[in-house]
Undergrad: 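Starting off with a structure, shown below.
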Amino acid sequence: MNAAMLYALTGAGLFALGLYALAVQAHLLRKIIAFNVMGSGAFLVLGALAHRAPDQVADPVPHAMVITGIVVAVSATAFALVLMLRVQSETGQPHLPEQPSD
Amino acid sequence: MSWNASLPLLVLASSLVPGLIIFCLPEEKQRTRTTLNLVGVLLKLALVTFMVWGVQQGEHYETRIPLLPGLDFVLRADALSMFFALLSAVLWLATTIYAIGYLEDSPHRSRFFGFFSLCVTATLGVALAGDMITFLLFYEMLTLATYPLVVHRGTEAALRAGNVYLAYTVTGGALLLAGMVWLHTLSGPLEFTANGFLAGLARDHAAALVAIFVLLIAGLGVKAALVPFHGWLPQAMVAPAPVSALLHAVAVVKAGAFGIIRVIHDVYGIELAAELALTGPLAGLAALTIIYGSLQALLQNDLKRRLAFSTVSQVSYVALGIAIAGPVATIGGIVHLVHQGLMKITLFFCAGNLAETLGIHKVTEMRGVGRRMPWTMAAFTLGAFGMIGVPPMAGFFSKWFLGSGGLDMGQPWVVAVLIVSSLLNAAYFLPVLRAVWFEDPPEAWPAERSFGRSETSLMLLLPTLSTAFSALAVGLLASMPLSPLQWASLVASLEYRP
Amino acid sequence: MGTLSPDSPWTIWVIFSPLAGAVFTFLWPRRARLAVPLVALGTVGSVACLVWQVAELGVQSHALGGWAAPLGINLYADGLSAMMLLTTALVGAAVTFYATEYFRRASETARYFWPLWLCLWTALNALFLSWDIFNLYVAFELLGLAAIALVALAGSADALTGAMRYLLVSLLGSLTYLLGVALFYSTYGTLDIGLLGDLTAPSAASWAATGLMVAGLLLKTALFPLHFWLPPAHAAAPTPVSAILSALVVKASFYLLLRLWLEVFPVTAAGLGHLLGLLGALAIVWGSLQALRQTRLKLLVAYSTVAQLGYLFLAFPLALSPVAATAWSASVFFILSHALAKAAMFLAAGNILRFAGHDRIAELGRAPYGVSLSWAAFGVAGISIIGLPPSVGFAAKWLQLEAALAGGQWWWTLPIVGGGLLATAYVFKIISCVFSQNGRTSGTNGISWRMEWTAFGLSLAALGIGFAAPQLLALLNSGTPLALHEVGSAP
């Protein structure tokens with residue numbers, strides 16, 4: 001196992017960890033953090049996959065993708081935080097109400 | 001687009017366009033609405049008459065618009081379609097005048113007449129449809145356009161009846177759709193062709209063709225009120241009388257019966273249908289419906305419900321005539337489209353007159369009403385005699401051709417069915433007639449309205465008398481050229497051309 | 001703008017016009033009401049030109065800035081893209097027209113609606129023109145964020161929680177998709193859809209990537225049982241937004257799934273196809289039953305969307321047969337039909353809601369007479385939703401039934417036909433209000449004729465475009481986006 005593989009597996013692990021937290025945590029802030037952990041995992045995977053042979057320059061395309069992805073994730077996080085505050089001020093709770101049974 | 005190609009579209013537009021304008025009219029614009037209605041009616045009648053004349057001269061009227069790969073929207077005039085179109089146009093005239101009188105001063109008339117016009121457009125579309133997909137289009141349109149008429153009064157009972165009506169007819173439409181698509185995957189185009197277009201498939205796909213036939217007949221049988229698909233019809237009696245007249249005499253049930261004729265004659269073809277042993281069971285089902293409807297009618301005290309079950313029974317004469325699969329019986333079946341239409345519309349008009357003028361809804365309330373409303377009851381009597389099949393009323397000829405057609409094809413049981421049915425018809429009509437004419441009227445009628453010297457509003461009486469008279473005339477003049485009977489013979493002869 | 005010549009890059013204008021509009025309305029909100037009609041006109045005009053190009057000249061491809069793939073960004077339009085763009089343009093124009101009236105009074109909501117909506121329109125157009133799985137991700141994310149912000153505009157607690165739930169689902173869906181993109185890139189070294197299509201072969205990595213992408217997209221398309229987020233969000237949004245979401249946004253993720261399924265995913269996964277079909281059938285039944293149970297008008301319409309989305313997915317098993325092209329065409333027709341009809345329904349429902357002051361179905365009787373045209377719009381749109389002739393919905397249903405019967409998978413006819421019956425039940429649950437005598441409605445809020453006619457016009461379009469089905473089928477087959485797959489997938 002080389003370093004790139006290690007990074008990739010760590011990334012996948014982070015993604016899974018974030019997914020788990022997203023599912024089980026009720027507090028919206030925790031959910032948003034969980035999403036960021038997932039995002040970091042995905043970016044780590046992308047970064048690791050840029051690795052080619054040890055003596056070659058890394059592939060720039062995944063790096064470009066990671067940068068774009070980070071921009072998207074930052075805006076999404078900012079938006080999510082604002083929305084969370086609005087939810088809290090409207091409903092008085094920092095978490096979503098129980099899913100209406102359907 | 002040439003004149004001959006646009007004529008079928010014009011026939012539809014002559015009721016569609018006034019209908020759409022009527023929707024937009026404010027409630028109080030009664031005069032404009034009536035004018036629009038009558039102009040549409042007369043224009044349509046003129047166009048249809050012209051086309052009947054043209055078809056007889058060998059003119060070819062066809063509108064064709066591509067719809068889906070291998071499927072066109074086709075409107076076409078042939079002998080059978082003009083037969084049904086003329087019937088609808090004539091009866092629409094009568095019903096429109098009647099409805100204008102009947103709904104005087106009631107709310108939502110713009111809505112009513114708008115949908116009423118759509119309904120007739122759909123019926124004419126069913127008549128003129130040149131292929132199955134066009135037929136389905138108008139068949140479904142008919143369902144949608146009649147629903148608002150059934151629930152017009154907006155009462156709980158009306159809405160419930162509307163739901164029942166929809167549940168039956170939409171399911172029927174879905175079965176029809178499934179059958180058509182299946183047929184399309186086997187045969188390609190679905191255009192009505194004299195003697196059918198499926199003969200080439202009989203060997204490889206016999207089982208599929210039988211299954212498709214069952215789907216199609218079930219889908220059509222809902223509207224034609226074949227047992228066990230008849231449940232909606234008595235429920236739909238909550239509708240205003242002109243609607244019952246239209247639904248039961250012309251539009252809905254006839255569209256179903258007409259569809260059955262189309263499927264057997266112009267999709268399968270008589271020979272193939274007989275070869276696949278499809279006609280026998282259909283004849284059996286029709287016979288069962290005839291007897292069952294008559295028995296049920298006997299048990300009803302509500303006049304309109306009695307008439308409704310009578311319709312269940314009578315419309316199946318059409319299916320029976322076709323399913324006997326012989327030329328003579330076919331004439332009987334086809335001509336019964338017109339005969340039953342004229343007679344039943346008369347009876348419903350009479351029921352409406354009774355309800356509007358005297359507040360009578362039940363058979364037991366009709367004692368002695370002949371003295372109060374002699375003209376209406378004379379029309380009722382003619383209609384009832386026609387239903388029983390007393391010569392020279394129109395109904396007699398239908399039964400005569402059905403019976404002798406059955407004998408021709410070696411099916412004497414048909415005669416037995418007809419005799420039993422006629423006896424039952426007599427059993428549920430004659431006691432009413434006796435009470436009407438020979439018993440003393442009660443002290444007071446349930447809810448009497450006065451119309452001056454006339455027994456009821458002339459707008460109600462005149463259509464009633466004219467349809468009753470027509471029912472008598474088509475019987476008396478059955479041997480004249482262009483009588484319904486002669487025209488039906490022409491249609492049948494096209495089908496049984498050697 | 002360029003002239004209408006065969007090599008004018010209309011693909012760029014299709015994306016650029018709404019984007020310029022979004023920037024403009026954000027910077028100069030007071031001029032928005034003036035600018036928006038021009039922007040809409042420009043966008044619809046560009047789409048019309050592009051559709052013309054695709055129909056007459058075939059596939060349009062344009063490398064941005066002259067940089068060809070794999071380095072640059074490629075815009076690509078074939079019949080499938082053209083159909084999606086056309087659908088979006090029709091609904092988009094109508095909703096824009098409606099919203100100028102809906103947001104007549106200047107407000108915070110109106111201030112943000114225009115930039116967000118135009119941004120969303122940009123994202124949709126970009127999505128339909130992207131030919132690169134990472135650009136698709138970017139457009140997809142932009143689309144999701146704009147859509148969620150639009151839901152939140154309503155500002156009510158329902159809308160905010162609906163938006164929040166939608167946001168979490170959306171982020172989860174797109175991250176999952178992104179992970180799939182990463183796997184594809186690492187395996188094949190390209191992001192271009194065309195190149196990937198040539199390279200992909202069954203392997204553990206491509207299966208994993210396929211699985212991740214499909215899962216992410218299903219979540220965002222709200223396929224049963226992942227539909228839970230859709231009804232609250234769609235029902236709580238402001239009326240024009242509800243229409244946009246139900247008509248267009250969920251279709252975008254379905255388009256993405258369809259495109260990848262046809263072009264990229266390694267081999268036709270028969271098992272996965274049948275699973276998607278089964279979930280689609282369940283969605284039809286479950287969504288319809290839920291719609292029937294609702295007591296609020298907008299929720300009923302939203303659940304109807306869940307049901308109608310089910311039809312789209314029936315193509316996946318139906319395409320596992322010699323009649324694949326018919327099955328896919330049926331799904332595209334369903335997209336068009338549902339977009340027009342559902343937008344009309346939501347706009348009509350919004351008019352009724354605004355007029356009556358509530359949308360409790362049981363109390364809607366007698367409401368009709370102020371907004372009769374909206375009720376007519378609801379009814380006519382219902383014809384298309386039920387799938388009765390001559391609507392596009394009927395054409396779609398006919399093609400789908402044909403694909404089922406000709407392809408020897410008759411059992412799929414049951415949900416198709418049964419769904420129509422259930423749709424009749426819930427549509428007429430509403431329609432019967434028109435005729436009902438009981439109801440409590442003050443009916444104080446006037447509705448402008450523009451709002452009513454927009455809803456009605458859309459419903460008429462859904463009904464009438466059925467007659468254009470042959471032309472639409474021809475357009476759809478330009479560049480044979482659907483037949484490509486048929487060749488490669490013969491089992």
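Predicted model only: the values in this text are computed from it and were never measured. Sequence lines set the chain letters: A, B, ... in the order given, protein chains first and strands last, and positions in each chain run from 1.
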Undergrad: Non-hydrogen contacts under 4.5 angstrom with chain A: give the residues of residues 143-151 of chain C involved, or none if there are none.
TA: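 Near chain A, by residue number: Leu145(C), Ile148(C), Ala149(C).
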
Undergrad: Might you point out which heavy atoms bring Met84(A) and Met164(C) nearest each other, and give the distance in Å?
TA: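 Where Met84(A) meets Met164(C) most closely, the heavy atoms are N-SD, 4.0 Å.
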
Undergrad: Less than 4.5 Å to any heavy atom of chain C: does that hold for the side chain of Leu83(A), its backbone, both, or neither?
TA: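 For Leu83(A), the contact with chain C is made by backbone and side chain together.
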
Undergrad: Would you say the side chain of Thr176(C) lies within less than 4.5 Å of the side chain of Leu19(A), judging by non-hydrogen atoms?
TA: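 SC-SC contact between Leu19(A) and Thr176(C) ruled out.
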
Undergrad: Between Val72(A) and Tyr137(C), is there a side-chain heavy-atom distance shorter than 4.5 Å?
TA: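 Tyr137(C) vs Val72(A): side chains touch.
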
Undergrad: What do you reckon, is CZ of Arg30(A) surrounded by more than 12 foreign heavy atoms closer than 6.0 Å?
TA: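 No, CZ of Arg30(A) has 12 or fewer neighbouring heavy atoms, counting only those of other groups under 6.0 Å.
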
Undergrad: Kindly indicate whether the side chain of Leu49(A), heavy atoms from C-beta on, has any atom under 4.5 Å from the side chain of Tyr185(C).
TA: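 SC-SC contact between Leu49(A) and Tyr185(C) ruled out.
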
Undergrad: Does the side chain of Phe134(C) come within less than 4.5 Å of Val61(A)'s, by heavy atoms?
TA: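 Result no, sub-4.5 Å side-chain heavy-atom pair not found.
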
Undergrad: For the CG atom of Leu160(C) and the CG atom of Leu85(A), what is their distance to the nearest 0.5 Å?
TA: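 The distance works out to 11.0 Å.
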
Undergrad: To the nearest 0.5 Å, what is the distance between CG (Leu171(C)) and CZ (Phe79(A))?
TA: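 Answer for the CG-CZ pair, Leu171(C) versus Phe79(A), is 9.5 Å.
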
Undergrad: Does Phe26(C) have more than 12 heavy atoms from other residues, nucleotides or ligands lying within 6.0 Å of its CZ?
TA: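 No, the 6.0 Å shell around CZ holds no more than 12 heavy atoms from other groups.
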
Undergrad: Can you tell if the side chain of Met38(A) reaches within under 4.5 Å of the side chain of Leu172(C), non-hydrogen atoms only?
TA: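 Answer yes - side chains close enough.
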
Undergrad: Compare all side-chain heavy atoms of Leu175(C) with those of Phe35(A) and state whether any distance is below 4.5 angstrom.
TA: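 Yes. Closest side-chain heavy atoms under 4.5 Å.
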
Undergrad: Looking at NE2 of His95(A) and OG1 of Thr161(C), how far apart are the two atoms once the value is rounded to the nearest 0.5 Å?
TA: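 Between atom NE2 of His95(A) and atom OG1 of Thr161(C) there are 12.5 Å.
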
Undergrad: Taking the side chain as every heavy atom from C-beta outward, state whether Leu168(C) and Leu28(A) have any pair of such atoms under 4.5 Å apart.
TA: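 Leu168(C) vs Leu28(A): side chains touch.
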
Undergrad: With chain A as the partner, which of Gly155(C), Ala152(C), Ser156(C) has the greatest number of non-hydrogen pairs under 4.5 Å?
TA: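 Option with the greatest count: Gly155(C).
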
Undergrad: To check you understand the geometry: which heavy-atom pair defines the closest contact between Leu179(C) and Ala42(A), and what is its length?
TA: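 Where Leu179(C) meets Ala42(A) most closely, the heavy atoms are CD1-CA, 3.8 Å.
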
